[in-house]
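Worksheet: the structure to be examined is printed underneath.
Note on naming: letters A, B, ... go to the chains in the order of the sequence lines (proteins, then strands), and numbering restarts at 1 for each one. Note that these values count all heavy atoms, side chains included, but never hydrogens, waters or copies made by symmetry.
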Amino acid sequence: MNFYAVRAIFYFEMARTWRTIAQSIASPVISTTLYFVVFGSAIGSRISEIDGISYGSFIVPGLIMLSILTESISNASFGIYFPKFTGTIYEILSAPISYVEILLGYVGAAATKSIILGMLILGTASLFVPLEIRHPFLMFFFLVLTAVTFSLFGFIIGVWADGFEKLQIIPMLIITPLTFLGGSFYSINMLPEFWQKVSLFNPVVYLISGFRWSFYEKSDIRLSVSLVMILVFLSVCIILVRWILKTGYRLKS
Amino acid sequence: MSTILSVKNLNKIYAGGFQALKNINLDIRKGEIFALLGPNGAGKTTLISAICGIVNPTSGQILVNDHDINENFRLTRTLIGLVPQELSVETFEPVWDTVNFSRGLFGMAPNRKHIESILKKLTLWDKRNNRIMTLSGGMKRRVMIAKALSHEPQLLFLDEPTAGVDVELRKDMWNQVKELKDMGVTIILTTHYIDEAEEMADRIGVINKGEIIVTENKRKLMQKFGRKKLTLDLNEPFNAIPDQLTRWDLSLNDDGTQMSYTYDSSKEDNGISELLAELSLAGISYKDVHTKQSSLEEIFIQLVHAS
């Protein structure tokens with residue numbers, strides 16, 4: 001195990017976060033706070049409870065997931081895309097470092113940032129709405145699992161992208177709509193039956209539902225199904241990343 | 001002298017079908033400076049990239065210190081340092097951080113003294129806290145060398161290290177390369193400045209269209225392929241070479257005051273005595289004689305054109 005290499009990549013990526021703290025941490029925290037102010041306090045006070053939970057509290061898990069998904073993808077994709085863009089990837093490719101170690105460095109750092117961010121948003125949310133976490137360990141487990149899975153997904157996007165536009169296109173055109181339609185702001189039981197069935201094809205529904213269960217023991221989908229779905233997505237990402245690093249797809253010629 | 005790098009039957013065909021390397025066989029000896037020369041697109045960078053693990057070879061084998069680079073990638077890559085042709089640096093990072101990052105990446109424990117000594121040798125110490133984006137092109141090139149040296153490699157690839165660097169800095173870098181050699185580092189250098197190779201290299205390799213045309217000790221190469229020119233400063237100018245001397249490979253300069261004879265310096269009988277005797281018989285007198293050996297650049301051009 002090249003411990004020093006993993007540490008070097010991890011610290012390098014974390015240093016980038018602290019250097020760009022306004023963009024990496026402050027911006028998502030502020031925008032999520034605005035969601036709480038608008039949807040939680042202003043509009044939320046006029047919306048009736050969902051599953052016995054006040055609307056402001058109901059949206060907390062979804063909003064945390066929204067940030068975790070977008071930030072995990074953004075951090076991991078940028079982390080690997082930027083060395084490709086500047087050409088410094090030569091150093092990673094020529095270093096005595098295995099595929100697993102590359103992943104531990106890049107994905108580990110991206111997931112760590114997301115987890116920190118998730119906890120910050122959780123802390124911020126507690127200032128605005130009453131919060132109850134019935135299963136804190138499960139909540140943290142979901143947080144870590146989602147951050148790692150979507151950081152892996154971001155890594156794949158970063159390797160695949162050959163321009164800044166492509167780097168943005170999947171998060172903007174696919175992930176954000178899926179998250180908004182994944183039950184962040186509503187329970188999918190509130191949808192007409194047809195759209196409830198359509199929603200089951202949205203993987204984000206399972207993440208938010210499982211995560212919300214860890215807070216309030218209330219969910220749209222059974223907890224076990226949520227867990228299985230996220231593990232399936234994690235496995236798909238691992239298989240894809242393994243193939244990328246083994247073949248050198250878009251990294252080596 | 002033992003071999004530190006051995007390339008055997010190496011081929012690289014890119015996805016589009018272009019064959020960048022054709023059956024390359026090359027041995028590099030421990031402690032030498034080997035200059036790999038070739039025109040643009042000859043395959044120099046592809047060869048280096050294949051050795052360093054950046055490009056996947058199509059076939060062939062590469063051994064570093066007798067270890068296969070695929071089977072024992074951790075050991076072999078630790079031994080190699082690379083300064084690529086492109087100025088690829090972490091623009092927003094301070095010099096100190098980026099050099100330490102490279103050391104860690106190659107599996108080495110932090111060593112402040114070693115990094116300090118490299119930065120001082122490369123006159124980067126005063127700039128250690130500066131972001132790389134604020135440095136000049138020459139300084140950025142030095143940062144890349146510092147990064148490559150951070151993990152104490154035994155085999156260093158310098159791919160066009162002095163491209164875009166001013167004359168003074170170039171000379172400085174030549175001295176640093178010589179110092180590295182004195183420290184026992186084996187250096188493989190590619191350059192477009194042939195005088196650089198002539199100045200520094202122990203052995204020369206010429207690559208063209210993906211094939212190694214020649215690898216030879218620099219002195220032997222210059223003897224083998226080099227030609228010499230004997231120039232006579234004439235007392236009286238001539239309009240043309242006199243008829244009785246046409247069998248010789250002679251030429252006149254523009255104003256007819258200098259007559260030159262080009263000959264193969266490696267041959268025992270180069271004809272100089274005979275020519276001088278014939279000049280005397282023809283009544284041609286001269287006030288000075290000088291000779292000039294062909295430069296490595298002239299040999300390089302001759303080899304590339306012939307291949």
Locate the shortest heavy-atom distance separating [X] from [Y]; write the atom from each residue and the value.
| X | Y | result |
| --- | --- | --- |
| B:G107 | A:N2 | CA-OD1, 3.1 Å |
| B:F73 | A:P96 | CE1-C, 3.9 Å |
| A:Y4 | B:A109 | OH-CB, 3.3 Å |

Heavy-atom check, side chain of A:E91 versus side chain of B:P84, under 4.5 Å: no
With chain A as the partner chain, list the residues of [range] whose heavy atoms fall under 4.5 Å from it, by residue number, and write 'none' if nothing qualifies.
| range | answer |
| --- | --- |
| residues 40-61 of chain B | B:C52, B:G53, B:I54, B:V55, B:N56 |
| residues 136-161 of chain B | B:M144, B:K147 |
| residues 87-103 of chain B | B:S88, B:V89, B:E90, B:F92, B:E93, B:F101, B:S102 |

Any donor-acceptor pair under 3.5 Å from B:R77 side chain to A:I97 backbone: no
Hey, which of A:A95, A:A8, A:A15, A:P83 has the most heavy atom pairs under 4.5 Å with chain B? A:A95
Taking every heavy-atom pair that is under 4.5 Å apart, which of A:S94, A:G248, A:A5 has the most such pairs with chain B? A:S94
Using non-hydrogen atoms only, which part of A:R16 is less than 4.5 Å away from chain B: side chain, backbone, both, or neither? neither
Less than 4.5 Å to any heavy atom of chain B: does that hold for the side chain of A:F3, its backbone, both, or neither? neither
Pairs where residues 229-253 of chain A contributes a residue and the test ring pair (Phe, Tyr, Trp, His ring centres under 6.0 Å) is met, not counting sequence neighbours: A:F150-A:F233, A:F153-A:F233, A:W243-A:Y249
